[in-house]
Amino acid sequence: ETPCGAAEIDEAVKHAKSAFGHWSKLSGMDRARIMIEAAHIIEREEIAEMEVVNNGKSITEARLDVDSARLCIEYYAGLASTLAGQHVQLAGGSFAYTRREPLGVCVGIGAWNYPFQIAAWKSAPALACGNSMVFKPSPVTPVTAVLLGEIFAQAGAPEGLFNVVQGGQETGSLLCHHPDVAKVSFTGSVPTGKKIMEMASHGVKPVTLELGGKSPLLIFKDSDLENAVRGALMANFLSQGQVCSNGTRVFVQKDVLPEFVEEVVERTQAIEIGDPLLETTRMGALVSRPHLDKVLSYVDQAKKEGATVLCGGEAFVPSDPKLRGGYYMTPCVLGNCTDEMTCVKEEIFGPVMSVLSFETEEEVLHRANDTSLGLAAGVFTRDVRRAHRVVEQLKAGSCFINNYNITPVEVPFGGFKMSGIGRENGQVTIEYYSQLKTVFVEMGDVDSLF
Ligand SMILES: NC(=O)C1=CN([C@@H]2O[C@H](COP(=O)(O)OP(=O)(O)OC[C@H]3O[C@@H](n4cnc5c(N)ncnc54)[C@H](O)[C@@H]3O)[C@@H](O)[C@H]2O)C=CC1
């Protein structure tokens, strides 16, 4: 397969530009109607199955991803008709007003861990604001974004409103440099995010960056341990651990550490690995062979640095012969971890939980924040004052109290520090896909100094 080159990118941007001319002039209500129609014709099962083939995650999770995509489109359709500015009264009857205007052709560049959901999370707010979009999925998972394109077209979107181009780095870079592109929204790794920002800077284009994390999960001795264990599993093993917001540094207060570890290990060992299309499967395959090898090498490195493998961390060969070539591994819990270990410092992006022990609140906050990343963080405690005090001090964009890794589309999601710029979801994202125009209106004579 040849990736899209300069000619195809030009064509896609040209189509998007022409669609923008029409789409941006529709009323919000008219845009909403088409978006709602798109949400309604999403075939949950068909797309979920395609996503499993695309990515390797379990069908159960793929369905939730499709649901999130649909909800996101519905949510922004709801906001499309309420976009409005401000009216400001000035002296002498003069006034000013602001208008929220679309940016133009927006580019979306996606990662491989949530292919369909990312395409929806970027396109829904973009289209609601009156923009058009050229979207590039990861070359590892090229399939389902195309389905979203078909859905928008079928729903009555003007031709070229949402375009999908295929390719990797070069294609992505052509998009970022294209003079007719107004904005770039990216989800992926930190090193690539930096490059995107640099490329966008040549055209002084705004960027939204959803990058990686090495997020902390703090479990205090006064927490409901059953829920804390569930939270820790949700924080680490969704999508085979390939989730940017994962709480992979699990800090457990010393008093409850043995009990926590016993329970977490037991539940981790019970995770059903195998054919991602089966209803009973809870963990499917990692995205690729090189990625599996990378994750397994992190486990080896952790052992060398003195961590204890409490369970898992090995390649897994399912008994079903048709799955033999799959990139499966057993989910891993690492004990005896310390802050300096590679497994505690670097984003592994696989099913590997590092458990650390702590004694005091002050100490754990310092250690939790001691990272250049800040996407998410979580705290489990029954003490309501502690919960809010801790959250106030956590340097992360998305914090959870007594839960982890839930992402309702109504609330903003995004990172502090090197985990990103801007937000996705929630009302605020309208600001990242639009620009403000201020209009001053003089009602009197011009008071000229000349
Ligand atoms: N935290 C997160 O959300 C994610 C983290 N990762 C981490 O990054 C590692 C590498 O995975 P990749 O898929 O290579 O992530 P990546 O960040 O390099 O790629 C993400 C997207 O950016 C595109 N891209 C890559 N280089 C580009 C460039 N120079 N200009 C424009 N677009 C470009 C890719 O084609 C893809 O669509 C993974 O193993 C994982 O550890 C990957 C994806 C998401």
Side-chain angles (χ1 to χ4, degrees), residues 1 3-5 9 54-57 65 107-119 121-122 134-146 164-178 181 184-203 205 207-215 236 238-248 286-298 327 342-343 345-352 371-376 396-398 405 407 413-415 417-421 424:
E1 306 275 312
C4 290
I9 295 305
N54 203 16
N55 166 278
K57 66 174 70 189
D65 295 0
V107 157
I109 297 179
W112 44 255
N113 55 343
Y114 285 85
F116 189 72
Q117 182 182 301
I118 291 173
W121 280 19
K122 295 193 187 306
V134 179
F135 186 84
K136 189 195 82 59
S138 165
V140 185
T141 54
V143 182
T144 45
V146 177
V164 178
V165 295
Q166 301 286 4
Q169 212 168 307
E170 291 78 21
T171 308
S173 140
L174 286 167
L175 287 169
C176 295
H177 285 300
H178 199 290
V181 164
V184 182
S185 175
F186 169 80
T187 299
S189 62
V190 174
T192 305
K194 290 185 194 172
K195 287 187 203 154
I196 300 281
M197 198 171 172
E198 196 181 318
M199 289 188 280
S201 78
H202 294 288
K205 293 169 193 173
V207 290
T208 293
L209 301 177
E210 293 293 349
L211 310 179
K214 189 70 197 178
S215 301
N236 280 275
L238 285 173
S239 204
Q240 295 74 245
Q242 304 162 137
V243 184
C244 50
S245 53
N246 270 0
T248 47
L286 275 72
V287 76
S288 66
R289 170 68 61 190
H291 189 62
L292 171 64
D293 291 342
K294 185 176 136 189
V295 173
L296 292 173
S297 77
Y298 269 111
Y327 318 128
T342 310
C343 62
K345 286 202 146 359
E346 293 183 15
E347 185 179 43
I348 299 175
F349 225 58
V352 183
T371 161
S372 59
L373 300 166
L375 187 51
S398 299
N405 264 346
T407 49
F413 175 83
K417 299 197 261 185
M418 282 171 77
S419 289
I421 294 180
E424 295 195 300

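Below, each value reflects all heavy atoms present in this structure, side chains not excepted, and no hydrogens, waters or symmetry copies. As the structure lists them, so they are numbered: ligands from 1, and atoms in each ligand from 1.
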Quiz item: Any side-chain heavy-atom pair from Ser372 and Lys417 closer than 4.5 angstrom?
Solution: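 No, side chains not in contact.
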
Self-check item: Asn405 side chain reached by Ser245 side chain, heavy atoms, under 4.5 Å
Solution: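 SC-SC contact between Ser245 and Asn405 confirmed.
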
Reported [atom1]-to-[atom2] distance for the pair [X] and [Y], which is rounded to 0.5 angstrom:
| X | Y | atom1 | atom2 | value |
| --- | --- | --- | --- | --- |
| Thr208 | Ile196 | OG1 | CD1 | 12.0 Å |
| Leu209 | Ile109 | CG | CD1 | 10.0 Å |
| Asp65 | Trp121 | CG | CH2 | 9.0 Å |

Quiz item: Hey, mind stepping through Thr144 and Asn54 against side chain to side chain donor-acceptor pair (under 3.5 Å) and telling me if it holds?
Solution: CA-CA 7 Å; Thr144 45; Asn54 203 16; 3.1 Å; yes

Please confirm whether [X] comes within less than 3.5 Å of ligand 1 when only nitrogen or oxygen atoms on both sides are compared.
| X | value |
| --- | --- |
| Lys195 | no |
| Phe186 | no |
| Glu210 | no |
| Glu347 | yes |

Practice problem: Just say parallel, tilted or perpendicular for the rings of His291 and Phe349, cut-offs at 30° and 60°. | Solution: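 If you compare the ring of His291 with that of Phe349, the planes turn out perpendicular.
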
Using a 4.0 Å cut-off to any heavy atom of [X], which atoms of ligand 1 qualify?
| X | answer |
| --- | --- |
| Gly168 | 35 (O) |
| Cys244 | 1 (N), 2 (C), 3 (O) |
| Leu211 | 1 (N) |
| Gly110 | 20 (C), 21 (C), 36 (C), 37 (O) |
| Ala111 | 43 (C), 44 (C) |
| Gly212 | 1 (N) |
| Lys136 | 23 (C), 34 (C), 35 (O), 36 (C), 37 (O) |
| Ile109 | 21 (C), 22 (O), 23 (C), 32 (N), 37 (O) |

Quiz item: Got more than 12 heavy atoms from elsewhere within 6.0 Å of CE, Met197?
Solution: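 For Met197, atom CE is not crowded (no more than 12 foreign heavy atoms under 6.0 Å).
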
Quiz prompt | Ile348 and ligand 1 - part of the residue with a heavy-atom distance under 4.0 Å | solution =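 The answer is neither.
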
Quiz item: Considering only heavy atoms, does Pro139 approach ligand 1 within less than 4.0 Å through its side chain, its backbone, both, or neither?
Solution: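 The side chain, only.
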
Strictly distance-based, threshold 3.5 Å: is any side-chain N or O of [X] a donor or acceptor partner for the main-chain N or O of [Y]?
| X | Y | result |
| --- | --- | --- |
| Glu424 | Glu210 | no |
| Lys214 | Glu347 | no |
| Asn236 | Asn246 | no |

Quick one: look up the protein heavy atom nearest [atom] and list residue, atom name and how far away it is.
| atom | answer |
| --- | --- |
| atom 32 (N) of ligand 1 | Gly172 CA, 3.6 Å |
| atom 40 (C) of ligand 1 | Phe349 CD2, 3.5 Å |
| atom 7 (C) of ligand 1 | Ser189 CB, 3.8 Å |
| atom 25 (C) of ligand 1 | Thr192 CG2, 3.5 Å |
| atom 28 (C) of ligand 1 | Gln169 CG, 3.6 Å |

Quiz item: Who gets closest to atom 38 (C) of ligand 1 by heavy atom: Tyr298, Tyr114, Phe135, Trp112?
Solution: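 It is Trp112 whose heavy atom sits nearest to atom 38 (C) of ligand 1.
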
Quiz item: Which option, Lys294, Gln166, His291, owns the non-hydrogen atom nearest atom 9 (C) of ligand 1?
Solution: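 The nearest heavy atom belongs to Lys294.
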
Quiz item: For ligand 1, is there an atom lying under 4.0 Å from some heavy atom of Met199?
Solution: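 Yes.
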
Quiz prompt | ligand 1 contact by Glu170, heavy-atom criterion under 4.0 angstrom | solution =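 For ligand 1, residue contact (heavy atoms, under 4.0 Å) with Glu170 is absent.
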
Quiz item: For Ser239 and Asn55, which heavy atoms make the closest approach, and how far apart are they?
Solution: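 That would be OG-OD1, 4.4 Å.
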
Quiz item: So, is the end of the Lys136 side chain (NZ or CZ) under 6.0 Å from the ring centre of Phe186 and within 45° of the ring's axis?
Solution: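 No, a cation-pi geometry is absent between Lys136 and Phe186.
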
